[in-house]
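Here is the structure we will look at, set down as structure tokens.
Note on naming: letters A, B, ... go to the chains in the order of the sequence lines (proteins, then strands), and numbering restarts at 1 for each one. All values reported here derive from a predicted model rather than from experimental measurement.
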Amino acid sequence: MEFRNDQPIYLQIMNDIKMDIVSGKIAPGDKLLSTRDLALAIKVNPNTIQRVYKELEAEEICFTKRGMGTYVTEDEAVIQRTKEELADKMVEDFVTGMKKINYSVDAIIRKIKNDKEGEA
Amino acid sequence: MLKLLKFEFNRKRLVLLIALAATLLGEVLALAKYYSIEASFRDFTGGEYLALLMVVLLIGFSILYLIDLIGLMRQDMFKQEGYMLFMTPNSGYKILGAKLLFAFLEGIAMVGVYFVLLLINFELIGPQLFQLNLLDWHGIQSDEWILIVKVLFLVVFAIIEFALTVYFSFAIFKGLFNNNRFKGLITFGIFIGVSLIRGKIGDLLTQAIFGNTVVREFVVTTSIGPFINFSILESLVWILILFLGTGYLIENKVNL
Amino acid sequence: MAAMVQCVNIHKQYLQRKALSNINLKMEAGKIYGILGPNGSGKTTLMKIIADLHRQTSGEITICDQSPSYKTRALVAYMPTENFIYAWMRVRDAISFYDDMYQDFDRAKAEDLMQFMELDMKQKVSSLSTGQRARLKISLTLARRAQVYLLDEPLNGLDPVSRTKIKETIIEQFSEESTMLISTHLVLEIEQILDYVFFMNHGEIVIEGEAEALRMERGKSVEEIYTEVFSHA
């Protein structure tokens, strides 16, 4: 797995897992890989994965069954909330980038409309 | 300790086999040469080949043994492979002790092989020499045999002692330096220094025990027995001192 | 948490040069530490002191509450960067040697690792490629159930397949009860598996910290910090 440089690795892994949950790649109630298996799969320190799972738990996106492993929440509201958060973050990043090349918010909206209508 | 000995033996197994094979081959060649001489001449000149072989073997064994013993430590102290041995949880004394014990066993094996060849060769040419009144082969007394064995062991101990002096110099070098371009030269210098000091102490001891007339007395009386005994004892004492010194340095001071 | 390895004010002086000065370092169970620095910065000297192969000139070291001696060597699994496996050995001889010398050596695990690393028991060490030798070294070292692992440049000069296999083995074999120190100057390859890093230069620790905290504080990868620190060093 390739990581970006400017962020802690655990945040990047958390983000990836959230994306997989929100996009449906991982279904609600699914069991996640064990700490060590995930560490091995993406070749990072097991402690980092432990932290990822702990943080995901704190955000109630995951929960731990004692001695069984870590599972994705079945609470649709939480998944919906996560989806919104991810969307907000992506929009923010996008808008920040566009503003750097001197697009106003109106101009951005116009551009999206035109481009996407053309596509359709 | 047994495991360290096993390791030293495994490492040398092939070399020892080759050395043994070469020695036996030399013996066979010398015997072939001996018996290829016409029987009537054989008595007069043939013995030379076997005698020559025994002298060559004695010198050859001694030199190879010395080189072998120095290599026993040099390889581990100065080559990267030595880490494999020195990072094991064995004290410096134990690692060194295993090497010395192995060296001693190797020495016994060499003396044994040499002694057997000596017996075979004397048995073959002995009767002729006896007829010529050169050597009363079967008349050699048991205490004379013991003396021969003692001399052979003195050679073994002297070589171990020499090798230990070299080990001690290695350890001093490795305690002072990590690695150095002139390590050969510096180690040699240390060795010379250690040898000089040791020689001086040895002289003083000999003088203290036998007095100033020591050498002359032995030549005149030809009673070599006490001298050999003393030399063996002296050698053993030095081996002990150098063992303790080198073991201490390896355990506490060296940078491997 | 009690430190498994603790160095306090370590200095190392050879007759002709200074190798380490004022090293303070603490290693706890369950964590993987990195010492990062260019060649000659003192990484190997420090490891050798912890492994009881070199002796510090001054300062205190404890390994599981003991001073370094041949006894602590039983607790420390050190992997030198050199090819330290005797060339006359076969792979199986090297395994037997470890089995003979270390009580914590797990022979079955070693045999599994040899299979994973695609090493043939009958092969002579002298005929192994650089990558195969490195795989043999790491397998022997990690097949010990030691308290402290010291890996000196485990990925140096290796092909990508060997690097991947070695990284996987480190992650897979590392246990919560032990601690590990990895030295390297190939930071990018290994920074993802480090909890805590020490940057070393000219025998001193110049920066240290949790890897994630450093990334967060500086908005940079550990590798970029390394480049920044050492490009004008």
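- Counting non-hydrogen atoms of other residues, nucleotides and ligands closer than 6.0 Å to CZ of Arg55(C) gives a total above 12.
- The two residues Lys12(C) and Asn255(B) make their nearest non-hydrogen contact at NZ-OD1, 2.8 Å.
- Using non-hydrogen atoms only and a strict 4.5 Å limit, the part of residues 71-97 of chain C facing chain B consists of Arg73(C), Ala74(C), Tyr78(C), Pro80(C), Glu82(C), Asn83(C), Phe84(C), Ile85(C), Tyr86(C), Ala87(C), Trp88(C), Met89(C), Ala94(C), Phe97(C).
- Around the CZ atom of Phe188(B), the shell of radius 6.0 Å holds no more than 12 heavy atoms that belong to other residues, nucleotides or ligands.
- Within 6.0 Å of atom CD in Gln66(C), more than 12 heavy atoms from other residues, nucleotides or ligands are found, so the atom counts as buried in its surroundings.
- Considering CZ of Phe86(B) and CG of Leu53(C), their distance stands at 9.0 Å, rounded to 0.5 Å.
- Both the backbone and the side chain of Leu85(B) have a heavy atom closer than 4.5 Å to some heavy atom of chain C.
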Please list, one pair per line, the donor and acceptor atoms closer than 3.5 Å that link side chains of residues 5-23 of chain B to other protein atoms, with sequence neighbours excluded.
from     : atom 1 : to        : atom 2 : distance (Å)
Lys6(B)  : NZ     : Asp100(C) : OD2    : 2.7
Glu8(B)  : OE2    : Lys99(B)  : NZ     : 2.8
Asn10(B) : OD1    : Arg13(B)  : NH1    : 3.4
Arg11(B) : NH1    : Gln75(B)  : OE1    : 3.1
Arg11(B) : NH2    : Asp76(B)  : OD1    : 3.3
Arg11(B) : NH2    : Asp76(B)  : OD2    : 2.7
Lys12(B) : NZ     : Asp68(B)  : OD1    : 3.0
Thr23(B) : OG1    : Ala19(B)  : O      : 2.7

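- Within residues 129-154 of chain C, no residue approaches chain B closer than 4.5 Å by heavy atoms.
- Interface summary for chain C: among Lys253(B), Met84(B), Glu251(B), Gln80(B), the most heavy-atom pairs under 4.5 angstrom belong to Met84(B).
- Along residues 87-94 of chain B, the residues that come nearer than 4.5 angstrom to chain C, judged on non-hydrogen atoms, are Met87(B), Thr88(B), Pro89(B), Asn90(B), Ser91(B) in order of number.
- Among Val254(B), Leu2(B), Leu4(B), Ile250(B), the residue with the largest count of heavy-atom pairs under 4.5 Å with chain C is Val254(B).
- When the shell of 6.0 Å around CD of Glu60(C) is examined, it contains 12 or fewer heavy atoms from other residues, nucleotides or ligands.
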